[in-house]
Structure formats: C-alpha cells, structure tokens
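Quantities reported herein were computed from a predicted structural model and do not represent experimental measurements. Quick note on labels: first sequence line is chain A, next is B, and so on, each numbered from 1.
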Protein chains: 4
Amino acid sequence: MSDSDEGAGRAAQSKRADARRNKETLLDAAAAVFVTSGVEAPVRDIAAKAGVGLGTIYRHFPTRADLIIAVYRHQVDACAEAGPALLATSATPHAALGQWINLFVDFLVTKHGLAAVLQSDNAGFDTLHAYFLDRLVPVCTQLLEAAAAAGEIRSDTDAYELMRGVGNLCIGADSDPRYDARRLVELLIAGLRRPH
Amino acid sequence: MSDSDEGAGRAAQSKRADARRNKETLLDAAAAVFVTSGVEAPVRDIAAKAGVGLGTIYRHFPTRADLIIAVYRHQVDACAEAGPALLATSATPHAALGQWINLFVDFLVTKHGLAAVLQSDNAGFDTLHAYFLDRLVPVCTQLLEAAAAAGEIRSDTDAYELMRGVGNLCIGADSDPRYDARRLVELLIAGLRRPH
Amino acid sequence: MSDSDEGAGRAAQSKRADARRNKETLLDAAAAVFVTSGVEAPVRDIAAKAGVGLGTIYRHFPTRADLIIAVYRHQVDACAEAGPALLATSATPHAALGQWINLFVDFLVTKHGLAAVLQSDNAGFDTLHAYFLDRLVPVCTQLLEAAAAAGEIRSDTDAYELMRGVGNLCIGADSDPRYDARRLVELLIAGLRRPH
Amino acid sequence: MSDSDEGAGRAAQSKRADARRNKETLLDAAAAVFVTSGVEAPVRDIAAKAGVGLGTIYRHFPTRADLIIAVYRHQVDACAEAGPALLATSATPHAALGQWINLFVDFLVTKHGLAAVLQSDNAGFDTLHAYFLDRLVPVCTQLLEAAAAAGEIRSDTDAYELMRGVGNLCIGADSDPRYDARRLVELLIAGLRRPH
DNA sequence: GATGAATGAGTCTTCATTCAT
DNA sequence: AATGAATGAAGACTCATTCAT
C-alpha cells in the first residue's frame, strides 16, 4: 500500500494506523524481552509480552534478524551518524575513533546476546550481519583512514575486521563482573597506534 | 593398579586396553565432529562417527564438558607448559607473552565453537570453563607480571580478563576469511605496552 | 472474555470451539490409553491415539498430573459432591460413609495405575496428589465426624489416612480376579465400628 | 555340583567357598541398597555396593525377582514359621492372626518399595509373587480357619485376598508420617470379626 | 490482518542386559 | 567364574514455524 492510498477510506487508514501501532508495540516488547532473555529469546515470549499473536510477529518480521534489526535500527543509525561528528569535534582522528568505538561498545554491551549472534554463522542472521556491516563499516573506515592520514595509526587495518573484533570483545560482557569489554577494546584501539 | 598385576590381570588388562583404544577412537571422532559441527554437536553424531553406542559416550564422558576437556586436554596442557619456556627463551617478557598468546590463539581458532562455549554462562560448561582458567590464567599471570616487572607493560592488567578477551577474539575466526583473530590479538597485546 | 464479544470474535470463538473439541478428543484418548496402559502411559501413545501431535498435549496439559486431573476431574468432583447427599439420605452416618467409600472404590478400581500413582512420592505428581486430597479428604472428614458424633465409630480416625488406605487397597484391583478391593475396603470400614 | 563332590580338590572347594562368600556379599549389598533406594534400585548400584561386576549378579540371580527373594527369604520363612507358633501360644485364634499379620506388616513396611513390587503385574516379578504367596498364604489360611472355627470371624474370607490387602496397605508406608499402615491393618483385621 | 492451535523434528539421558576377554 | 564395556530401546520435553479460522 503506497502513500497514494492516503485518500482512501477512514477504515483503511485506521487499519494502517493500527498496524503501525501494533508494530511499535511489538518492537517495544521485543526490546524488553531481549534485555532480560537475550536476542534469542523464544518468539512466543515476545508475542506474549506484546500481547499479540505469534502470527503477527511473523507477519511483520519474517525472520528473527528482521526483528532484531528493527529493534536496534535507531541506535545503530545514531551510532553511524555520530562518526563524522566526532571526527569534526575531537582533538585527533585517533581520539575520534576511540570515542566512536566506545559508543558502539556501550551499545553492544547492553544488548544481551547480540554480540554473540552478530558473529554466528547461522544463515538466518545473514541480513542482520549485513545490516550492521553496511551501516558501520564505512564509518569505521572513514575514521581509520583519517587517523592513518594523520599518521597516528598504521594504515593496514581493515575496518571490517576491527568491527568484528570489537563486537567479539563485547560477547558475554554483561553477566561477568570480572570482564570489562570497554577496557579491552581500549587496549585494542591503543594497539593500533603507530609504533614510534 | 600397579604393573605387578600384570600376571593375574591379563584379561582385565586387555579389556582395559580395548576400552582405552575405544576411548581414543571416541576422542578422535569427537575431535573430528567438533571440527565440522562445533563442540555442541549432538551426542548421537559423535557416537555415530565413532561407531559406538550412545551409552559408550556417556560412560566415558558423563557430561559434554568432560568430553570437550578430554579432547583438548593435551593441547591446553602443552600451551600452559610452553609459558615458562617462552619466558626463558624470548628476548623480552612482552615478546614471550605475545608468543604464548599466539600459541593459545592458534589452538582456539581451529576449534569450531569452542571459544563461544568458553564464554557461555550455561552451567553445564562450568567445569570446562574452570579447567581452561585453572590451567591458563596462572601462566598468563606469570607472563604479565614478568613484563610488568620489566617495565614493558602497565601493571594493571588482569590475566583472567585478558584471556577472556583473547578467547572472545577467536570466536568465529574460522569460517570468515576476512577476519584474522591473530592480527587483532596482536593489536591487543601491543596495546598493553606502557605508553612512553 | 464475556459473551458480548460474540459478534466480534466469531472466528476466535470458533477456533476456541475447535480447540475445546480437540481438548475433549485428547481427554477421551487419554482416558482410553489410561485404561489399557495405565496412567503412566507414554505421552506419545496418547498423542497417537488422539491423532494429534506431541506438542498439542503439552500445550493443553503441561504436566502429566494436569492431564490425569483433567481426565478424572468430573468423576472426582461427583464423588466429592455425593458425600453430603449420602449423609442426608442414608440410614446412619456409618452407612453413608460406607456407601461413599464404595463410590470412591468403584471409581479407583477401574483406573489402571491411578491408585499406584496416587501414593507415588514422585514430585511430578504432587499436584495430582493435592487435588485428590483437597477434594476428598474434607468430605471424608465430615462423614467420619458425623459417624463419630453418632457414636457409631471411634473418633480417632484420620480421614487422610483412611483415604490413603482405601486408595492403597485399590491398587492392582483390576487385573487380579482373586482380589476384590471392595470386599477388603468393606472390612476396613467395618473395622472402624466402635467396639461394644 | 552335588555334595558328593565334597571330596574333590582343595581348589574346587575353595572356589565353591569363594562363590558362596561372593553370593553372601551380594545379598548384604542388595539388602543395604534396597533399604536406601528401594527394591527397584539400579542393578549397577548393587554391584558397586558389593564390589563385584554386573555379570556376577546376573550369574547368581538371573532376574531381579530371584535377588529379592534371596534377600528376604529368611525373613519370609521366619514369618511363615511363626504362624503355627502364635496359634499355639495366643489367647485366641483371632489374636494369633492379628499378631501374625503384624509380623508381616513390620517386615513389609521396612522394605522400601517391596510392597509396591509385590502387586506389580509386571511378568518379571511373577516368581517373587509366587514365592510370597506359596509361603504365606497357607499359613494365613490356617489362622483364618482356626479363627473361623472358633467362631471369632466370618468364614468367607480368602487368605490370598487378605494377604494382598495387607500388602497393599503397606505401600508407601515409609516416607509418609501421616500414614500408619499398622493402624489400618488393625482396622482390617478388626473388620473380620463376626458381627454379633 | 490477526490469532494461536497444532505440528513434529531434534536432543538428551537412563538402565537393563549381553557378551568378549 | 568374574568382569565391566558396550549397546540401544525408551521416553521426556522444547520451540520454530505453518496455516485454518
């Protein structure tokens, strides 16, 4: 249904509105369940939390990846958009990189199970994988190149690899008080520095 | 049972020998299945691969953790033992640390799913967790302290955390040609260096 | 959901009707299987008999105790309700007690394995246990007290114990033509009489 | 091997002695395990307790019923033999019956799970069933007839049925403090009394 | 569009029993 | 005779996904 339908009857309109509201409810519920049970929580739990039927979830989000993407899209986008801004305002490109990575880590660390799923080779998560990569790798590349151009870091680092590494370091970071992903990521970023 | 039983217990001993051989077969089969299907492969698959019954696996390895430990024990032990040796032969403690970590990474990277399971908070894997930690953390601590004492690295790094981080970086390292865990771990270790 | 939903929820309602019918089918099937294989028959057998999937049983009756209770609820309730009625219509309270117990025995004797399960200390049957007790012990207590008040029986008999005893006497009563639980229970009830 | 072998070599003799000792060990172990885990305890547990192999148990006692019979034979025999004695020494036949039944109850109540197995229609327990019946029913019949002859009880009571009833009342008598099998059996026996 | 009932594949785990050594 | 390793049948339970209403 395209926007040109707008003029259609009140019923259709309200149905669209209902559906939209429904979708939103679903996203809120999913987000809440993800927090407590992780992103691999049973579909039924999410449906129950949202107060909708199972079919409704499958209609709106055919795969789990679709649902996860929808839940975190805003945050991922915000993170992506923060990259250039940080580059503009930070003292050095390397500092910008560090801050941007911190943003990503902060996001990831609080998403129970997301980091794990992000590296899963399960085909069902391909689109999720792709989404994160499409959105964040270019930004990371930009920051990396700026830092390399400034001579702060080596120029042989691949953004994809770095993002994957950072993602991996975030796995299981909640649930283990002796493990601080942020600290390790800091080491990783520090390790990028060009040796004097 | 000492060797002096040899005369009396020929039969028993040969049975023992058979069982031992069987256990080895099992270990080989498990290792093979772990490579292709990961360390969480169905017990039945492993039994099939080994050509034994289900019960035989449960007899030798009551829990999956037991099986995993048995499969990798030699390699983990070898890794643990290599630590002090490297310290003695390397140019600097930091170099020894790097080489030792590389050993660990080489081991882990080839074990499909092991790194993932190593951070799982599933209670069934507690003993597995403990085994790796008991074996490797002390060695890592030793190397870390030596490097700190030599003034090469900061002295605030926790061996447990570092091992977890390295383990995490190894997750999914096979199966993705664009991701090289070794390179990232190198960055991490480089990041430990004391800032001048 | 009230009846005023009728207009809006025709579909939902007919689905509910289907499910209810299905549940009934399930109950019938379970009852039938219980007769032939006892109340501990494999879940799969019941599903097969009912022509439904395994999951359907678990949906309607999460535990075996739930299923057993559902199958026999009507009869247990009927038995419980018969108590006061018998008290009102029988010649004496002791006669009422005897007749009521007979009702219970008639019920139990035909339920292959139920009596056995009723005394099992298996935790899974706790709710089953509780249901029978909650439903029948108070009635039995009432009858016992009436008979005691009438001076027909001793007043030191515990209803719980008596019910358990009667239940036990019913174990294996089918399948053995030489064993008549009714006769023995009669002796037991006769034994309650106050000695002159 | 008949007693005429007695003159055979020391080796054979000592082997016989060993086997006998072994069997005794086994019976002790079985008795102990039966106490803690019931008469349906895993064969392996008994073997472990006895410190012998599984095969040894199966050699001596091909079926579980054989083992149970062997373990309790002495006590069952003693009970059987006590019948006539009690008849001779008690005040009345009915009193003798009561005391004899008490003996049986005392025996049964302390044998975790035995009463349950005694009524099981599982074919594997047929010989066990038969043994108890063969041994005890005649005694019970004798007592019953004596009491009937003395005019103390009705003459229409079947010993087999009574024994089964008493056995049933003993099921689950341990493990439930609110249930006293002895008290109920007393009621049952009291119920036998001829109505005045 | 929404619902949620139904399905059933997939896994784990226990134990009685056999039989080669 | 004794041993105990090996077997595999049996049964429970979960959850993603489909589809009739």
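In this structure, B:N122 places its CG atom 13 Å from C1' of E:dC12, rounding to the nearest Å. One interatomic measurement links the two molecules: CG of D:L26 to P of F:dG4, which rounds to 13 Å at whole-angstrom precision. Distance CZ (B:R21) to C1' (E:dT21): 12 Å, rounded to an integer number of Å. As a whole-Å value, the separation of D:F61 CZ from E:dT17 C1' is 17 Å.
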(Q) The test is side-chain contact (heavy atoms from CB on, under 4.5 Å); show your working for A:L67 and A:I46 and say whether it passes. (A) CA-CA 11 Å; A:L67 179 56; A:I46 301 167; 3.9 Å; yes
(Q) Would C:Y72 and C:F34 count as a side-chain contact (heavy atoms from CB on, under 4.5 Å) here? Give the steps. (A) CA-CA 11 Å; C:Y72 298 127; C:F34 285 175; 3.4 Å; yes
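Nearest-nucleotide mapping onto DNA chain F: of B:G55 and C:P42, the residue sitting toward the 5' end is B:G55. Between C:D45 and B:G53, the residue anchored nearer the 5' end of DNA chain F, judged by the nucleotide with its closest heavy atom, is B:G53. Of the two residues near DNA chain E, C:I57 and B:A41, the one whose nearest nucleotide lies more 5' is C:I57.
In this structure, the nucleotide among E:dT11, E:dT14, E:dT7 sitting nearest to the side chain of B:Y58 is E:dT14. For A:L54, counting side-chain heavy atoms from C-beta on, the closest listed nucleotide (F:dA16, E:dA5, F:dG8) is E:dA5.
Remark: D:N22 is not in phosphate contact with F:dA1, judged by side-chain N or O atoms under 4.0 Å from OP1 or OP2. Distances shorter than 4.0 Å separate none of the side-chain N or O atoms of A:H60 from OP1 or OP2 on E:dG1. The shortest distance between the side-chain N/O atoms of B:T56 and the OP1/OP2 oxygens of F:dA5 is not below 4.0 Å. In this structure, A:R64 does not reach the F:dT17 phosphate: none of its side-chain N or O atoms is under 4.0 Å from OP1 or OP2.
Residue D:R44 is classed as a base contact, given a heavy-atom separation below 4.0 Å to a base. Contacts of C:G124 with the nucleic acid, taken as non-hydrogen atoms under 4.0 Å apart, are absent.
With hydrogens and angles disregarded, no donor-acceptor distance shorter than 3.5 Å links the side chain of B:H112 to the backbone of B:T36.
Looking at C:R59, its side chain comes within 3.5 Å of the base of E:dA5 through a donor and an acceptor atom.
C:H60 NE2 to C:N22 CG: the interatomic distance, rounded to the nearest 0.5 Å, is 5.0 Å.
A side-chain donor from one of D:D66 and D:T63 sits under 3.5 Å from a side-chain acceptor of the other.
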